[in-house]
Amino acid sequence: MAKIEISLLKSANGVQFGSDGDAVHKVFGNNFKNNEEKKLTSADKNFMLKIAERMSKISGQPITDFTKYLDDDYDFDKDTSDYYSFCKIEYDENDKFNAIEIYSDQKTQLIVDGKDCSDFSIAKLRTLADDFVWDSLNTSWVSQSKQIGIYCPENDKTVECVLFGCPSYYDE
């Protein structure tokens, strides 16, 4: 079971936002995929296709708007994220850690500013900030003040993942 402790706007498992990949890997380990692998497994593709289908259905946009990662000609060199089994670590254009997206379907102990959020309930996660708004794609609750995104495409039914970003993450 992975344990992730978030200090809002500051760090994940003690790794400060703005750190380089070496600092992230020192804490989270080297068992990840990134742009250097360039190939997705069939399980990765199936998971991403399910997400693309759901996003298309919710937004009314064509599924091709959401399947760019599945295309063989997708430019993975522009995707500098590290994909772990329990989360995705995002880096900015300067290769600095700027967000962590934690998957709710994994057995992850999630502690946010000392509050146990391991059940990934929308009600509990929405207590982390007082300014959550439903986004324009109708898929997520977003807090600008705390840089949190709660991805739940079926509105208040199931949280699929939670993103914690650096200050100004959603401004970029």
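Predicted model, so just to flag it, every value in this text is computed and none were measured. Atoms considered below: every heavy atom in the structure, side chains included; atoms not considered: hydrogens, waters and symmetry mates.
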Please name the pair of heavy atoms, one in [X] and one in [Y], separated by the smallest distance, quoted to 0.1 Å.
{"X": "Ser168", "Y": "Gln147", "answer": "C-OE1, 3.6 Å"}
{"X": "Gln144", "Y": "Asp131", "answer": "N-OD2, 3.4 Å"}
{"X": "Trp141", "Y": "Cys152", "answer": "CD1-SG, 3.6 Å"}
{"X": "Ser85", "Y": "Tyr103", "answer": "O-CD1, 3.5 Å"}
{"X": "Lys124", "Y": "Cys117", "answer": "CD-CA, 3.9 Å"}
{"X": "Ser143", "Y": "Tyr170", "answer": "O-CD1, 4.4 Å"}

Atom pair [atom1] ([X]) and [atom2] ([Y]), whose distance is rounded to the nearest 0.5 Å:
{"X": "Lys96", "Y": "Ser19", "atom1": "NZ", "atom2": "OG", "answer": "8.0 Å"}
{"X": "Asp116", "Y": "Glu5", "atom1": "CG", "atom2": "CD", "answer": "10.0 Å"}
{"X": "Ile6", "Y": "Ser11", "atom1": "CD1", "atom2": "OG", "answer": "7.5 Å"}
{"X": "Asn13", "Y": "Phe28", "atom1": "CG", "atom2": "CZ", "answer": "4.0 Å"}
{"X": "Phe164", "Y": "Ile148", "atom1": "CZ", "atom2": "CD1", "answer": "5.5 Å"}
{"X": "Ser145", "Y": "Leu9", "atom1": "OG", "atom2": "CG", "answer": "7.5 Å"}

Side chains of [X] and [Y] in contact at under 4.5 Å (non-hydrogen atoms):
{"X": "Ile100", "Y": "Ile4", "answer": "yes"}
{"X": "Thr158", "Y": "Phe120", "answer": "no"}
{"X": "Ile89", "Y": "Tyr84", "answer": "yes"}
{"X": "Val162", "Y": "Leu125", "answer": "yes"}
{"X": "Asp95", "Y": "Thr80", "answer": "yes"}

Ser118 and Lys107 side chains, donor-acceptor separation under 3.5 Å =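 Distance-only check fails for Lys107 and Ser118.
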
Indicate whether any N or O donor in one side chain lies under 3.5 Å from an N or O acceptor in the other, for Glu90 and Tyr169.
->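 Present: a donor and an acceptor within the cut-off.
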
List the steps, then state whether side-chain contact (heavy atoms from CB on, under 4.5 Å) holds for Ile102 with Phe86.
-> CA-CA 6 Å; Ile102 304 162; Phe86 54 90; 5.8 Å; no

Hey, does the side chain of Asp20 reach the backbone of Ala23 with a donor-acceptor pair shorter than 3.5 angstrom?
->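 Between the backbone of Ala23 and the side chain of Asp20 there is a qualifying donor-acceptor contact (under 3.5 Å).
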
Donor-acceptor contact present, side-chain Ser104 to main-chain Val159, <3.5 Å |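 Yes; at least one donor-acceptor contact below 3.5 Å.
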
Carboxylate-amine/guanidinium contact Asp82 Lys88, below 4.0 Å =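 So Asp82 does not pair with Lys88 through a salt bridge.
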
Salt bridge (charged side-chain N to carboxylate O under 4.0 Å, His left out) against Asp135, all qualifying residues, sequence neighbours excluded |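 In terms of salt bridge (charged side-chain N to carboxylate O under 4.0 Å, His left out), with neighbours along the sequence ignored, Asp135 is linked to no residue.
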
How would you list, by chain and number, every residue that makes a salt bridge (charged side-chain N to carboxylate O under 4.0 Å, His left out) with Lys10, sequence neighbours excluded?
->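 Checked Lys10 against salt bridge (charged side-chain N to carboxylate O under 4.0 Å, His left out); zero matches.
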
Leu163-Ile111 co-clustered via ILVMFWY side chain contacts under 4.5 Å |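 No.
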
Is there a path of hydrophobic side-chain contacts, each under 4.5 Å between heavy atoms of I, L, V, M, F, W or Y residues, that connects Ile122 with Leu128?
->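 Per the 4.5 Å side-chain linkage, Ile122 and Leu128 are co-clustered.
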
Before giving the answer on side-chain contact (heavy atoms from CB on, under 4.5 Å), spell out for Trp134 and Thr139 the whole-Å C-alpha distance, their side-chain angles and the decisive distance to 0.1 Å.
-> CA-CA 7 Å; Trp134 192 236; Thr139 61; 5.6 Å; no

Hey, mind stepping through Phe97 and Phe17 against ring-ring contact (aromatic ring centres under 6.0 Å, His included) and telling me if it holds?
-> CA-CA 5 Å; Phe97 171 42; Phe17 288 122; 4.8 Å; yes

Report the C-alpha separation of Asp113 and Ser7 in whole Å, then their side-chain angles, then the decisive distance to 0.1 Å, and conclude whether the side-chain contact (heavy atoms from CB on, under 4.5 Å) test is met.
-> CA-CA 5 Å; Asp113 283 349; Ser7 179; 3.9 Å; yes

Within a radius of less than 6.0 Å around CG of Asn94, do more than 12 heavy atoms belonging to other residues, nucleotides or ligands occur?
-> yes

Between Tyr83 and Phe32, is the ring centre distance below 6.0 Å?
->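 No.
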
